[in-house]
Asks: 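Pasting in a structure now, in structure tokens, and then I'll have a few things to ask.
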Amino acid sequence: MLILCLFLLQGLDYPISGTHGAVASSSTLASEVGIEILKKGGNAVDAAVAVGFALAVTHPTAGNLGGGGFAVVRLADGSVQTLDFRETAPEKAHRDMYLDEAGNVIPDLSTKGHLASGVPGSVDGLLKLLENKGSMSRELVLAPAIALAEDGFRLSVALAEDFKDVLNSMSAYPQSMAVFSKHGVPYEAGELFRQADLAATLKRIAKQGRADFYEGKTASLIVAEMERGRGLISATDLKKYASVWREPIVGSYRGHEVYSMPPPSSGGVLLVNMLNMVEPYDVASMGWGSSSVAHLMIEAERRAYADRAQYLGDPDFVDVPSARLTEKSYAAQRFANFDANKVIPSEKISYGTWPIESSETTHYSVIDAAGNAVAITTTLNWGYGNRIVVTGAGFLLNNEMDDFSVKPNTPNSYGLIGRAANEIKPGKRMLSSMTPTIVVKDGKPVLVTGSPGGSTIITTVFQVLLNTIDHKMNVSHAVAAPRFHHQWLPDRVIYETRALNADAVNALTGKGHVGVMLSPWKIGAANSVAFREGRLEAASDPRRDAVGLAY
Ligand code: GLY
């Protein structure tokens, strides 16, 4: 009943608010875990780490132990740091590993099966966050996730449907079928879902920390799984894995400071570049949903994503001109040929393909009363990753290798192309679009946001920021408002119902935008928290089956 009331309240366009803390994620159970940790005296980092482990249990499509992600953390003292816990290419990986002898991409090899997995970073990342910026013990923050896995939880209608949808693609992996079905029979909504192997893995992590996952029993189970499926991840790869602290990408937008994720995510660079391109224009008076503001934003997106393909990759392997790309003068130069009345078309090269699978990354945001704020985006890449549960360990592996450019100018499963900057090399991190972001005004974090959605992540965060800052929406409205997306190639605009009305679509087409089409899927899930008028507010995205919580 409480949950139903919360749904109704959030449906009324007002965020859930409080004065002690706020948590927004794609799983109500995980949001509850975050609030529970805050109530026990934990800070936003403790809560975020607990939410991260809980999501691996309650939101297995994207919450994970076998994937990776990025965190942006702003502490109450004003310091901001980011943690890169992106997966790495195994030592045995090489540039052409997904090509046949003729140099053609072998279908599905970078997305399906054991070869699709990068070395997981999530466990190292979450534990490093806790050790460096948290205040609680591993045992305390992992306890709720362990209980959810061991005692189980009742499946929601959405999660039971999700399991039904994914089962077919798991049929080659009996260990995955054993977790996500009852001996091949789908779970029904309301049934108790327990994950004994996952509970045991989480208990080992609580006791032994990273040593278990990267060098102990869990590491052995991962290596055995790889050997069974001719995957590449070795004991050495696991032992060598380390998440990396990186300086944030810093931008400004109409008097707000914007802190976001640097490479190997493209998110922060593109977000700040796009904000810089639109800042000289009066977005607010153009009006939300108007063709003029949509045209402005699409033209900024087109240029930013073209730079992504050329320049962005893992900064430990290639020189990424992040500073240049995020300068206001660069944006002015890049946008000098903007024409309010017509399109400058994307390069005339072949169209990319549309994603054939749903993109399921997940984002969560936490803020506490002291002003500590954490934005974390994490993923297995596709929903349920490569669909392979590590036998005996109970968690899914990622198919993140597809985020590398497996062949120059050849679209990945998000239709994104890349070049040498993002080619495969052993130990290298694949380029991401994840954009965990914290917006600060007058020394206080006022918005903590981010989203799943593959290539659409960056434009989703761009829209949440413009909705908040230019269109003055509260966090619920800013997150719920329908969205559109353009990524340079394919040269098309996709939009959610009501993001653009018929007049706006006609006007955009008249300016020369090609393929302005209704999006076949919901764009993003920008679970966000905000600080407004003295209150902490939480808004989980209504596109997913969850509520944000505050107290
Ligand atoms: N796997 C999606 C991304 O990192 O952008």
Asks: Does the cation-pi check pass for Lys407 over Tyr98, that is, NZ or CZ under 6.0 Å from the six-membered ring centre and within 45° of its axis?
Replies: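 Not flagged: Lys407 not positioned over aromatic ring of Tyr98.
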
Asks: Any donor-acceptor pair under 3.5 Å linking the side-chain atoms of Thr379 with those of Asn381?
Replies: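 No donor-acceptor contact under 3.5 Å links the two side chains.
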
Asks: Could you check whether Asn527 and Ser25, counting side-chain N and O atoms only, form a donor-acceptor pair closer than 3.5 Å?
Replies: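 Side chains of Ser25 and Asn527: no pair found under 3.5 Å.
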
Asks: Using the rule side-chain contact (heavy atoms from CB on, under 4.5 Å), only one of Val250, Thr326, Leu325 pairs with Val272; which is it?
Replies: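 Going through Val250, Thr326, Leu325 one by one, the side-chain contact (heavy atoms from CB on, under 4.5 Å) with Val272 is satisfied by Thr326 alone.
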
Asks: Compute whether any side-chain donor of one residue and acceptor of the other, for Arg532 and Asn474, lie under 3.5 angstrom apart.
Replies: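 No, no side-chain donor-acceptor contact under 3.5 Å.
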
Asks: Would you say the side chain of Leu198 lies within less than 4.5 Å of the side chain of Val57, judging by non-hydrogen atoms?
Replies: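 Of all side-chain heavy-atom pairs linking Leu198 with Val57, at least one is under 4.5 Å.
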
Asks: When you check the side-chain N and O atoms of Tyr414 and Asp403, is any donor under 3.5 Å from an acceptor?
Replies: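 Their side chains do not contain a donor-acceptor pair, so the 3.5 Å distance test is not met.
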
Asks: If we ignore angles and hydrogens, is there a donor and acceptor under 3.5 Å between the side chains of Trp382 and Ser413?
Replies: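 Yes.
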
Asks: Could you grab the distance from atom CG of Leu397 to atom CD of Glu87, nearest 0.5 Å is fine?
Replies: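 Output value for this atom pair is 10.0 Å.
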
Asks: In chain order, what residues pass the side chain to side chain donor-acceptor pair (under 3.5 Å) check against Ser117, with sequence neighbours excluded?
Replies: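 Counting only residues at least two positions away or on another chain, Ser117 forms a side chain to side chain donor-acceptor pair (under 3.5 Å) with Asn386.
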
Asks: In the structure I gave you, are the side-chain heavy atoms of Val278 and Phe462 within less than 4.5 Å of one another anywhere?
Replies: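 Yes, at least one pair of side-chain atoms sits under 4.5 Å.
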
Asks: For Ser433 and Arg308, does a side-chain donor sit closer than 3.5 Å to a side-chain acceptor?
Replies: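 Yes, a side-chain donor-acceptor pair sits under 3.5 Å.
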
Asks: Verify the distance criterion only: is there a donor paired with an acceptor across the side chains of Lys133 and Gln81 at less than 3.5 Å?
Replies: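 Lys133 vs Gln81: donor-acceptor pair found between side chains.
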
Asks: Would you call Asp307 and Arg334 a salt bridge, using N to O less than 4.0 angstrom?
Replies: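 Yes.
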
Asks: Side chains of Glu423 and Ser405: any donor to acceptor distance under 3.5 Å?
Replies: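 Side-chain D/A pair, Ser405 to Glu423: absent.
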
Asks: Between Ser110 and Asn399, is there a side-chain donor-acceptor contact under 3.5 Å, judged purely by atom types and distance?
Replies: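 Absent: no donor and acceptor within the cut-off.
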
Asks: Could you check whether any side-chain heavy atom of Phe404 comes within less than 4.5 Å of a side-chain heavy atom of Asn412, counting everything from C-beta outward?
Replies: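 SC-SC contact between Phe404 and Asn412 ruled out.
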
Asks: Test: side-chain hydrogen bond (donor to acceptor under 3.5 Å, both in side chains). Region: residues 439-449. Which pairs qualify, not counting sequence neighbours?
Replies: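 Output for this query lists Thr449-Ser528.
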
Asks: Rounded to the nearest 0.5 Å, how far does CZ of Arg483 lie from CE of Met297?
Replies: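 Spacing of CE (Met297) from CZ (Arg483) equals 11.0 Å.
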
Asks: If you define the side chain from C-beta out and look only at heavy atoms, does anything of Lys207 sit under 4.5 Å from Asp212?
Replies: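 Sidechains of Asp212 and Lys207: no contact.
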
Asks: Does the ring pair (Phe, Tyr, Trp, His ring centres under 6.0 Å) test come out yes or no for Phe395 and Phe213, once each step is laid out?
Replies: CA-CA 12 Å; Phe395 62 85; Phe213 194 89; 5.4 Å; yes

Asks: Quick one: sort the Tyr241 and Tyr214 rings into parallel, tilted or perpendicular, breaks at 30° and 60°.
Replies: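 Judged by the thresholds at 30° and 60°, the geometry between Tyr241 and Tyr214 is parallel.
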
Asks: Look up atom OG in Ser476 and atom CG in Asn467, then write down how far apart they are to the nearest 0.5 Å.
Replies: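 Nearest 0.5 Å value for the OG-CG distance: 12.0 Å.
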
Asks: With the threshold set at 4.0 Å, does a side-chain nitrogen-carboxylate oxygen contact exist between Arg324 and Glu327?
Replies: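 The answer is yes: the pair qualifies as a salt bridge.
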
Asks: Can Asp314 and Lys428 be counted as an ion pair, charged N to O under 4.0 angstrom?
Replies: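 Looking at Asp314 and Lys428, the cut-off is not met.
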
Asks: Could you check whether Glu257 and Ser252, counting side-chain N and O atoms only, form a donor-acceptor pair closer than 3.5 Å?
Replies: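 Side chains of Ser252 and Glu257: no pair found under 3.5 Å.
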
Asks: Can a donor-acceptor pair be found between the side chains of Asp402 and Thr111 at a distance below 3.5 Å?
Replies: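 The answer is no; no qualifying pair exists.
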
Asks: Under a 3.5 Å cutoff, is there a donor and acceptor pairing between the side chains of Thr88 and Lys240?
Replies: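 No, no side-chain donor-acceptor pair sits under 3.5 Å.
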
Asks: Does Tyr364 have its ring centroid less than 6.0 Å away from the ring centroid of His59?
Replies: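 Tyr364 vs His59: aromatic centres not under 6.0 Å.
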
Asks: Test salt bridge (charged side-chain N to carboxylate O under 4.0 Å, His left out) on Asp541 and Arg543 and set out the steps.
Replies: CA-CA 5 Å; Asp541 198 310; Arg543 292 166 183 78; 2.8 Å; yes

Asks: Is it true that Arg535 and Ser17 share a donor-acceptor pair across their side chains at a distance under 3.5 Å?
Replies: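 Yes, Arg535 and Ser17 have a side-chain donor paired with an acceptor closer than 3.5 Å.
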
Asks: For residues 65-74, dump all side-chain donor-acceptor pairs below 3.5 Å to protein atoms at least two apart in sequence or in another chain.
Replies:
residue : atom : partner : partner atom : Å
Arg74   : NH2  : Gly443  : O            : 3.1

Asks: State, without any angle test, whether Ser451 and His363 hold a side-chain donor-acceptor pair at a distance under 3.5 Å.
Replies: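 No pair is found: no donor N or O on one side chain lies under 3.5 Å from an acceptor on the other.
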
Asks: So, Glu225 versus His114: side-chain donor-acceptor pair below 3.5 Å or not?
Replies: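 Note: Glu225 and His114 side chains meet the donor-acceptor criterion.
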
Asks: Looking only at side chains, do Asn398 and Tyr384 share a donor and an acceptor under 3.5 Å apart?
Replies: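 Distance-only check fails for Asn398 and Tyr384.
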
